[in-house]
Amino acid sequence: MKKVFIKDLLGLKGRKVVIHGWIHKVRVLGKLAFIVLRDSSGLVQIVVKGRQDLLQKARRLNMEDVVEVSGLVVESESKISPVEVLADELTVLNRATEVLPLDVTGAVGAELGTRLRYRVVDLKRPENLAVFKIQAELIDAFRRYLRSRGFIEIYTPKIVAMSTEGGAELFEVQYFERKAYLAQSPQIYKQLAVIAGFERVFEVGPVFRAEKHSTTRHLNEYVSLDLEMGFISDEHDLMDLEEGLVRFMFKSVEENCRREIKLLNVTIPDFDKIPRLKFPEAKEILSEYFNLREYEHAEDLDQRGEELICQYVQEMHEIPLAFVDLFPLSSRPFYTMPYDETYGRSFDLLFRGLEVSTGGQRIHNYDLLIRRMREKGLNPENFKYYLEAFRYGAPPHGGFALGAERLTMKLVGLKNIREASLFPRDRFRVEP
RNA sequence: GAACCGGUAGUUUAGCCCGGUUAGAAUGGGCGGCUGUCACCCGCCAGGCCCGGGUUCAAAUCCCGGCCGGGGCGCCA
């Protein structure tokens with residue numbers, strides 16, 4: 001007999017099959033029982049009828065018991081799926097012995113704190129599986145798009161000796177007899193790979209931020225979708241790339257996650273070009289259009305500013321994404337390529353009111369790099385392994401990084417970034 | 001790191017303002033009934049006021065502290 005996924009049952013009407021999964025729900029009606037079985041691919045109704053022994057078993061089933069069922073695939077009147085399985089064998093592989101800490105069927109609901117405490121049970125809910133299938137699709141599409149354009153996937157160290165940006169706090173680790181840190185970004189290493197001659201590289205991996213923030217959009221460990229590319233003319237090459245990349249990622253989700261989109265009621269943005277604003281324009285929109293004078297002398301966008309800029313672009317262009325380019329050098333890292341005395345070739349990508357990506361052209365000139373470091377109050381001595389690379393032939397280059405959880409969160413419409421992380425790490429949560 | 005909101009059965013929630021019945025419900029759990037249910041239905045049972053202190057004749061209810069959770073700020077992406 002064929003062992004199949006629940007989703008494949010549709011084409012197997014009239015066949016005998018074996019399926020397995022978790023008991024999602026049991027309804028016993030006297031001498032007839034309906035069992036909703038769940039596996040990673042979906043839900044299906046099992047019917048127990050005319051079999052006293054199976055009926056006895058069905059009565060004893062608890063939610064989340066793990067079972068194997070064999071039976072005939074027949075047409076179904078059920079609301080769950082067009083086919084159901086008429087059971088002729090039901091084996092309990094393992095019992096769920098405890099009362100469940102939250103409702104997997106979603107009838108009752110639970111607070112986020114409870115859900116994260118019992119994350120494994122929470123993740124049983126089909127809505128959660130759908131979130132992570134969409135996330136997996138986004139990341140897979142990221143890889144496919146870049147590989148097709150000559151990018152090489154790399155793996156950079158997560159244990160590092162130095163801060164990259166000098167800004168965010170670092171987690172310290174004991175590295176034998178010396179101190180080291182968890183990488184807050186693959187920045188330096190992806191640049192070095194490009195400079196070495198890889199030209200175009202990308203990496204999907206964790207980054208660590210020791211900031212004591214506690215908001216719906218920050219994590220202390222998150223997945224960064226990073227890329228870096230050589231021989232660009234300026235940051236517009238990168239925005240062109242990111243525009244096509246994000247369009248492709250969204251399109252992939254649209255095509256390959258139809259059931260998940262429906263289940264979560266996801267709206268996939270449809271766009272060709274992403275509007276590009278310059279930072280001074282963004283500031284003007286905030287202070288003039290929205291009449292918020294406090295932004296007149298802003299050197300960066302805050303959360304509200306990002307939300308309003310997105311709102312503005314949505315109103316003007318009906319696109320939920322926006323690039324903001326030419327941020328002040330004062331608010332950007334030392335390696336940012338200057339545009340003029342004040343501004344740098346550095347941009348953010350905003351999506352539905354949240355910054356989901358930051359990038360820009362990097363400095364490839366050794367002397368300029370040293371100068372910018374000093375201006376930022378950094379000691380070039382601490383970056384000598386990075387700096388020396390720029391003397392061995394460094395092409396013009398740049399890159400950007402997308403936050404996987406932020407992108408997932410905004411695409412799916414989650415209110416809290418923790419929901420877009422399998423086992424989130426935040427200020428007060430290191431387990432499960 | 002300082003200020004805001006909250007904590008009542010496993011879960012979600014009513015009661016709290018205005019102190020005083022046996023703390024009510026849904027869902028989940030147990031038992032029984034029911035042959036086409038789909039949030040199945042019906043009956044019965046078990047299960048709870050976060051911890052400590054204070055005020056009071058009396059505290060789930062008012063006050064203080066702690067712990068936990070949520071949300072937001074600064075900072076950060």
Side-chain angles (χ1 to χ4, degrees), chain A residues 23-36 43-52 55 58-64 74-81 84 86 96-118 121-122 125 163-170 184-185 187 207-226 300-304 306 327 331-333 346-351 354-360 400-407 409-410 415-418 426-429:
Chain A
I23 300 294
H24 198 64
K25 189 89 198 170
V26 184
R27 288 187 282 271
V28 181
L29 287 75
K31 294 186 177 58
L32 178 68
F34 299 97
I35 300 164
V36 180
L43 299 169
V44 72
Q45 176 163 277
I46 310 291
V47 182
V48 175
K49 150 160 96 168
R51 283 277 302 271
Q52 203 47 236
L55 209 59
R59 281 174 184 284
R60 292 196 51 227
L61 287 174
N62 268 319
M63 290 170 103
E64 297 307 313
V74 298
E75 200 160 328
S76 179
E77 303 281 299
S78 99
K79 290 174 184 167
I80 298 161
S81 115
E84 61 189 23
L86 200 56
T97 54
E98 296 294 314
V99 173
L100 298 171
L102 34 91
D103 178 16
V104 177
T105 65
V108 174
E111 288 177 7
L112 189 57
T114 309
R115 291 176 46 199
L116 294 175
R117 162 66 184 82
Y118 299 101
V121 181
D122 183 45
R125 295 169 48 229
S163 159
T164 11
E165 337 255 322
E169 299 280 324
L170 296 160
Q184 61 183 187
S185 159
Q187 184 61 34
V207 294
F208 306 89
R209 303 284 166 101
E211 298 289 339
K212 290 180 176 172
H213 33 50
S214 177
T215 77
T216 50
R217 55 187 191 280
H218 289 92
L219 292 169
N220 293 293
E221 174 179 348
Y222 67 89
V223 175
S224 183
L225 308 178
D226 257 274
D300 205 348
L301 288 180
D302 59 9
Q303 177 55 29
R304 187 178 59 157
E306 290 173 1
F327 275 85
S331 65
R332 296 280 140 155
S346 173
F347 61 87
D348 279 358
L349 176 62
L350 309 180
F351 178 29
L354 182 66
E355 173 189 338
V356 293
S357 168
T358 299
F400 56 83
L402 283 151
E405 292 87 350
R406 283 190 170 187
L407 193 62
M409 165 192 184
K410 282 294 162 183
K415 290 199 183 70
N416 194 313
I417 195 167
R418 280 161 257 241
D426 64 30
R427 177 73 180 86
F428 301 104
R429 198 172 270 112

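Every chain is numbered from 1 and lettered A, B, ... according to where its sequence line falls, protein lines coming before strand lines.
- By the salt bridge (charged side-chain N to carboxylate O under 4.0 Å, His left out) test, A:Arg332 pairs with A:Asp348, sequence neighbours left out.
- Residue contacts for A:Arg406: at a heavy-atom cut-off of 4.0 Å it reaches a base atom on one of the strands shown.
- For A:Arg429, the salt bridge (charged side-chain N to carboxylate O under 4.0 Å, His left out) partners two or more places apart in sequence, or in a different chain, are A:Asp426.
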Show the atom names and distances, to 0.1 Å, of all donor-acceptor pairs under 3.5 Å that link a side chain in residues 105-115 of chain A to residues at least two apart or in another chain.
| residue | atom | partner | partner atom | Å |
| --- | --- | --- | --- | --- |
| A:Thr105 | OG1 | A:Asp103 | OD1 | 2.7 |
| A:Thr105 | OG1 | A:Asp103 | OD2 | 3.2 |
| A:Arg115 | NE | A:Asp122 | OD1 | 2.9 |
| A:Arg115 | NE | A:Asp122 | OD2 | 3.2 |
| A:Arg115 | NH1 | A:Glu419 | OE1 | 3.2 |
| A:Arg115 | NH2 | A:Asp122 | OD2 | 3.3 |
| A:Arg115 | NH2 | A:Glu419 | OE1 | 3.4 |

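- The side chain of A:His218 lies closest to B:C76 when the candidates are B:G72, B:C76, B:G1.
- A close approach under 4.0 Å does not occur between any side-chain nitrogen or oxygen of A:Arg125 and OP1 or OP2 of B:U11.
- Checked against ring pair (Phe, Tyr, Trp, His ring centres under 6.0 Å), A:His218 has the following partners two or more places apart in sequence or in another chain: A:His213.
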- line: For nucleotides 26-44 of chain B, 5' to 3', base contacts (B), sugar-phosphate-only contacts (S) and non-contacts (-) with protein non-hydrogen atoms under 4.0 Å give -SSSS---BBBBB-B----

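- Closest approach of A:Leu354 to A:Arg217, counting heavy atoms only: CD1-CD, 3.4 Å.
- In this structure, A:Phe400 has no ring pair (Phe, Tyr, Trp, His ring centres under 6.0 Å) partners at least two apart in sequence or on a different chain.
- In this structure, A:Gly109 reaches the sugar-phosphate backbone alone: every heavy-atom distance under 4.0 Å involves primed, P, OP1 or OP2 atoms, never a base.
- A:Glu211 places its CD atom 4 Å from the C1' atom of B:C76, with the value rounded to the nearest Å.
- Without hydrogens or angle criteria, A:Ser346 side chain to A:Phe327 main chain gives no donor-acceptor distance under 3.5 Å.
- Nucleotide B:C34 forms no Watson-Crick or G-U wobble pair with any nucleotide shown, as no partner meets the under 3.5 Å limit on both distances.
- A distance of about 41 Å separates the P atoms of B:A9 and B:C76, rounded to the whole Å.
- Atom CG of A:Asn220 is separated from atom P of B:C75 by 17 Å (rounded to the nearest Å).
- Atom P of nucleotide B:U12 and atom CG of A:Asp122 are separated by 11 Å, given to the nearest angstrom.
- With sequence neighbours left out, A:Gln45 forms a side chain to side chain donor-acceptor pair (under 3.5 Å) with A:Glu84.
- For the side chain to side chain donor-acceptor pair (under 3.5 Å) test, no residue two or more places apart in sequence or in another chain qualifies with A:Asp300.
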I'd like a table of atom pairs between the protein and nucleotides 66-70 of chain B - only N or O on both sides, under 3.5 Å - with the distance next to each one.
| residue | atom | partner | partner atom | Å |
| --- | --- | --- | --- | --- |
| B:G70 | OP1 | A:Arg429 | NH2 | 2.9 |

